[in-house]
Number of protein chains: 2
Amino acid sequence: MPLGEFDLIERYFARPTRADARIALGVGDDCALLAPSPGMQLAVSTDTLVEGRHFLPTVDARALGHKALAVNLSDLAACGAAPLAFTLAITLQRVDEAFLEGFSAGLLALADAHRIALVGGDTTGGGPLSITITVFGEVPTGQALLRSGARAGDDLWVSGATLGDARLALQALLGTVALAQGDLDQVRPAMERPQPRIALGQALRGVATAAIDVSDGLLGDLQHVLRRSGRPGAPLGATIHAEALPRSSVLARQSPALQHQCLLAGGDDYELLFTAGADRQADVLAAGRSAGTAVSRIGRIEAAPGVRVLDAQGHVIDTAWPSFDHFASA
Amino acid sequence: MPLGEFDLIERYFARPTRADARIALGVGDDCALLAPSPGMQLAVSTDTLVEGRHFLPTVDARALGHKALAVNLSDLAACGAAPLAFTLAITLQRVDEAFLEGFSAGLLALADAHRIALVGGDTTGGGPLSITITVFGEVPTGQALLRSGARAGDDLWVSGATLGDARLALQALLGTVALAQGDLDQVRPAMERPQPRIALGQALRGVATAAIDVSDGLLGDLQHVLRRSGRPGAPLGATIHAEALPRSSVLARQSPALQHQCLLAGGDDYELLFTAGADRQADVLAAGRSAGTAVSRIGRIEAAPGVRVLDAQGHVIDTAWPSFDHFASA
């Protein structure tokens with residue numbers, strides 16, 4: 001029996017709203033009503049995942065629910081915002097109860113972990129499966145981490161210990177890289193269950209000068225920081241030390257060329273790439289410890305434009321791969 | 001040459017943000033930053049339009065841009081909120097510059113008319129064409145119009161003069177109703193360029209007891225008001241006088257059965273359906289005049305459940321059509 005739009009949201013996604021003065025009205029009316037706390041700005045971001053483009057048709061429903069929210073929370077993390085609420089727009093080929101149960105379980109488990117409430121939604125028939133989430137977070141006025149704050153001389157940092165694993169797992173699943181099953185099992189969670197660096201983002205407020213989350217690939221995302229932090233028409237540059245890039249033992253056993261591509265142009269990492277003054281290294285390390293997230297100093301921002309990636313011998317590595325782009329393969 | 005995600009947003013949708021203290025940061029970073037004015041709550045709503053489900057593949061790009069934002073603004077209107085900002089997530093089969101130029105022109109023209117700024121976006125490859133917009137508006141704390149405030153004895157009202165024209169136009173375009181070209185030209189704007197009742201929604205704050213926008217069909221949307229305004233398990237009821245429903249001269253020339261279906265179960269009207277105390281008729285009429293929008297008193301809310309639609313002779317009209325439902329035809 002077909003389920004209507006109203007029933008779908010009510011049945012799978014709506015739950016009693018917890019008492020929170022900042023959420024005056026949740027799911028079920030024409031609008032939700034939010035009231036940020038005094039002194040807070042509301043951070044807003046939106047991201048879409050489309051079947052065949054952002055995930056494989058064989059994806060586990062629960063993992064997809066997790067990831068759809070995680071990639072959006074990652075944008076809040078990159079701004080240093082604390083999660084508050086989200087809306088969900090989902091387009092389905094048909095009503096598949098097993099899928100919806102798994103998807104909502106994965107989504108709501110991550111929502112609970114970050115105490116973020118679903119406040120609105122829209123479900124639509126007609127495929128392919130597509131999920132658009134808009135997230136709302138709070139950040140003290142004037143303290144959001146922006147892409148535009150990097151300065152020449154700043155250190156360049158990245159979070160996490162397994163940069164590039166998501167790309168390695170995708171290539172293994174697509175059959176373009178051969179991995180033993182045990183190795184695939186080790187790298188696959190990075191692709192399917194990325195952990196948004198929410199605690200780290202907040203800990204970096206007042207410490208980092210600029211931040212972005214790594215979604216399209218480290219070099220591609222770094223370009224956004226360099227362009228926005230430079231003067232119009234005169235972007236900043238950077239030097240990156242490839243051996244400083246944090247990688248898993250599985251990735252470390254691959255060829256140097258594959259390692260570099262996964263680390264620098266992999267995408268789908270949802271780690272934070274950020275800059276901080278060279279005199280703030282102890283503060284960055286303390287922020288990492290307080291958030292329980294590894295942080296690695298991987299290079300430096302420079303006034304001269306262009307990005308140079310150096311190997312352990314100081315030789316420039318060729319990085320002429322295409323950055324991941326939604327339309328590049330179209 | 002394929003255009004990347006960044007270029008698409010920058011090229012077609014991003015414009016210099018006008019000075020507005022409530023929009024601290026617009027397009028171009030991981031998040032936008034909003035700061036509602038003191039004493040205001042932020043109203044949030046999200047809606048998706050999918051090709052083949054909400055619009056025909058032959059739709060004019062400019063009209064589609066208008067409609068995608070209009071249906072979302074309509075939710076703000078139903079809450080009595082003043083528009084502030086919106087985000088746009090768009091999935092495209094391929095980069096079609098002519099389409100994007102028309103779509104963005106239609107979208108931004110309506111945005112300008114309501115002084116609402118685009119503050120974030122995501123573009124994705126892979127079809128069919130799908131558009132999800134999330135809108136943000138402001139409403140004084142505690143004054144939002146909700147679905148839950150109707151009381152037995154309240155008058156039932158609807159805005160606009162051309163209820164049902166959108167459905168009539170759709171059926172004509174699908175070939176299930178024969179209309180002369182001149183008649184089609186007259187009803188087609190209701191389908192393609194609905195006017196969100198933003199001014200009326202704000203004028204009804206403190207006057208209307210409940211409100212909803214008519215998107216799925218008047219009777220279906222009325223059920224949401226009756227259910228939310230009643231006690232759990234005991235919805236309110238209503239009587240509607242069919243001859244009081246406002247209709248165009250084109251619709252008035254159709255058969256009574258078609259008129260009733262278009263008026264009561266048409267959907268896609270984006271008029272406001274609202275209730276107000278029987279002692280507030282002068283105030284409702286004044287709100288309509290101040291907003292420049294027609295308002296019609298079409299019936300009454302009753303304590304007994306069920307909706308009775310009466311013809312001019314007081315006979316009950318059979319209304320056993322399916323309300324528009326995204327999954328009903330799946």
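Naming: A, B, ... by sequence-line order, numbering from 1 per chain.
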Result for side-chain contact (heavy atoms from CB on, under 4.5 Å) between B:Leu33 and one of A:Val44, A:Val139, A:Leu42 points to A:Val139
I need the single residue from A:Thr123, A:Thr91, A:Thr132, A:Ile90 that forms a side-chain contact (heavy atoms from CB on, under 4.5 Å) with B:Thr48. Which is it? A:Thr91
Who among A:Ile212, A:Leu76, A:Thr141 has the most heavy-atom pairs with chain B under 4.5 Å? A:Ile212
Considering only heavy atoms and a distance below 4.5 Å, find which of A:Ala89, A:Cys79, A:Gly120, A:Ala35 pairs most often with chain B. A:Cys79
Please report the closest heavy-atom contact between A:Asp30 and B:Ala211, naming both atoms and the distance. OD2-O, 3.6 Å
Reported [atom1]-to-[atom2] distance for the pair [X] and [Y], which is rounded to 0.5 angstrom:
X: A:Leu34; Y: B:Leu34; atom1: CG; atom2: CG; answer: 10.0 Å
X: B:Thr134; Y: A:Phe86; atom1: OG1; atom2: CZ; answer: 12.5 Å
X: B:Cys31; Y: A:Arg147; atom1: SG; atom2: CZ; answer: 9.0 Å

When the 4.5 angstrom heavy-atom criterion is applied to B:Thr46 and chain A, the contacting part is both
Segment of A:Val135 engaging chain B (4.5 angstrom heavy-atom cut-off): neither
Could you tell me which portion of A:Pro128 (side chain, backbone, both or neither) has an atom closer than 4.5 angstrom to a non-hydrogen atom of chain B? both
A side-chain contact here means heavy atoms from C-beta on lying under 4.5 Å apart; do B:His54 and A:Thr124 qualify? yes
